[in-house]
*Asks:* 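Before anything else, here's the structure in question.
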Amino acid sequence: MSNFTPNAPAPHKVEEQQQLPMPTPAPFPKPKEEEDAFEIDLTGVAEGGAVLIPEGQYEAVCIEVKHGYAKSSGNPQWIWRFAIAKGPHAGVELLYYTALTPGALWKVSEVVTALGLGQPGQKVSFKKEQARNRRCLIEVVTDTYNNQKRSTITQILPHPEGPGPATGHLAVAQQGDKDAVPF
């Protein structure tokens with residue numbers, strides 16, 4: 001009797017396996033296997049991988065919002081991801097955390113209002129896909145975290161032309177996300 005297992009790949013001899021080339025992610029150059037020199041542009045990248053861009057106000061698009069918990073306090077929070085929409089830093093993504101505690105609801109209100117998802121003084125309910133692709137302005141400053149400089153969003157403001165939806169290469173494909181984000 002054979003040890004045949006349905007849906008299992010057939011055994012291959014080691015010498016028969018083909019080595020497939022590793023895909024090269026854009027926009028990085030193709031690796032040169034025989035060269036001992038290495039080169040990459042790290043301008044705008046802080047030590048340790050933190051994003052570091054000039055302070056100022058940027059047009060941005062909400063890429064995502066998700067539920068989470070603050071590492072230090074354990075408080076529930078919403079984690080917003082924004083991408084800069086225009087200029088030399090277009091595509092740079094930054095996170096913004098809004099704690100869901102009574103003393104921090106002003107910050108949630110600021111984001112929801114700027115994205116056109118609700119108004120202060122009202123009960124607000126929206127779905128993730130309704131927040132995606134909404135335009136706004138983000139105020140970015142440089143701060144230090146764990147002795148490392150990084151760019152941080154300090155404020156979310158309404159876009160002068162309204163919340164959107166955004167179009168073009170930064171617009172996120174709409175997904176059948178059924179999760180409501182209640183306020």
*Asks:* Measure the spacing between OH of Y58 and CD1 of I153 and express it to the nearest 0.5 Å.
*Replies:* 11.5 Å

*Asks:* Give a yes or no answer on whether the side chain of T113 reaches the backbone of S109 with a donor-acceptor pair at less than 3.5 Å.
*Replies:* yes

*Asks:* Ignoring hydrogens and geometry, is there a side-chain-to-backbone donor-acceptor pair from Q77 to G68 under 3.5 Å?
*Replies:*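 It does not hold such a pair.
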
*Asks:* When clusters are formed by joining ILVMFWY residues with side-chain heavy atoms under 4.5 Å apart, either directly or through shared neighbours, do F126 and V108 land in the same one?
*Replies:* yes

*Asks:* Flag this pair as yes if the NZ/CZ of K107 is under 6.0 angstrom from the six-membered ring centre of Y96 and inside a 45 degree cone about the axis; otherwise no.
*Replies:* yes

*Asks:* Can you confirm whether L117 sits close enough to Q130 that some side-chain heavy atom of one is under 4.5 Å from a side-chain heavy atom of the other?
*Replies:*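 When only atoms from C-beta onward are counted, Q130 and L117 do touch, with a gap below 4.5 Å.
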
*Asks:* Quick one: closest heavy-atom pair of C62 and A131, and the distance?
*Replies:*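 Answer, listing the atom of C62 first, then A131: CB-O, 3.4 Å.
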
*Asks:* Work out which heavy atom in V61 is nearest to a heavy atom in A85; give both atom names and the distance.
*Replies:* CG2-CB, 4.0 Å

*Asks:* To the closest 0.5 Å, what do you measure between CZ (R81) and CD (E93)?
*Replies:* 4.5 Å

*Asks:* Hey, could you give me each pair passing salt bridge (Lys or Arg N to Asp or Glu O under 4.0 Å) that has a residue in residues 151-163? Not counting sequence neighbours.
*Replies:* R135-E161

*Asks:* Quick one: are T142 and I53 in side-chain contact, heavy atoms under 4.5 Å?
*Replies:*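 Side chain of T142 against side chain of I53, heavy atoms only: no contact under 4.5 Å found.
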
*Asks:* Is L94 reachable from L157 through a run of I, L, V, M, F, W or Y residues, each pair having side-chain heavy atoms under 4.5 Å apart?
*Replies:*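 In one cluster with L157: L94, no.
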
*Asks:* Under a single-linkage rule joining Ile, Leu, Val, Met, Phe, Trp and Tyr whose side-chain heavy atoms are separated by less than 4.5 Å, which residues share a cluster with Y69?
*Replies:* none

*Asks:* Any side-chain heavy atom of W80 sitting closer than 4.5 Å to one from I156?
*Replies:*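 Side-chain contact under 4.5 Å: no.
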
*Asks:* Is there a path from V124 to W78 through hydrophobic residues (I, L, V, M, F, W, Y) whose side chains come within less than 4.5 Å of each other?
*Replies:* yes

*Asks:* Is any side-chain heavy atom of E59 less than 4.5 Å from a side-chain heavy atom of I84?
*Replies:*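 No, too far: nothing below the 4.5 Å cut-off.
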
*Asks:* Could you report the tightest heavy-atom contact between P163 and A114, atom names first, then the distance?
*Replies:*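 Result for this residue pair: CB-O, 4.1 Å.
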
*Asks:* Linking I/L/V/M/F/W/Y whenever their side-chain heavy atoms sit closer than 4.5 Å, directly or via other members, would V51 and Y97 fall into one cluster?
*Replies:* no

*Asks:* Please report the shortest heavy-atom distance between V140 and P54, naming the atom on each side.
*Replies:*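 Heavy-atom minimum between the residues: CG1-O, 4.5 Å.
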
*Asks:* Enter the distance from E139:CD to T152:OG1 here, rounded to the nearest 0.5 Å.
*Replies:*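 The distance works out to 12.0 Å.
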
*Asks:* Any chance you could measure L115, atom CG, to N133, atom CG, to the nearest 0.5 Å?
*Replies:* 11.0 Å

*Asks:* When clusters are formed by joining ILVMFWY residues with side-chain heavy atoms under 4.5 Å apart, either directly or through shared neighbours, do V111 and I79 land in the same one?
*Replies:* no

*Asks:* Do the side chains of D143 and R150 get close enough for a salt bridge, i.e. N-O under 4.0 angstrom?
*Replies:* yes

*Asks:* Within the 4.5 Å heavy-atom criterion, are V65 and F82 side-chain neighbours or not?
*Replies:*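 No, their side chains stay 4.5 Å or more apart.
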
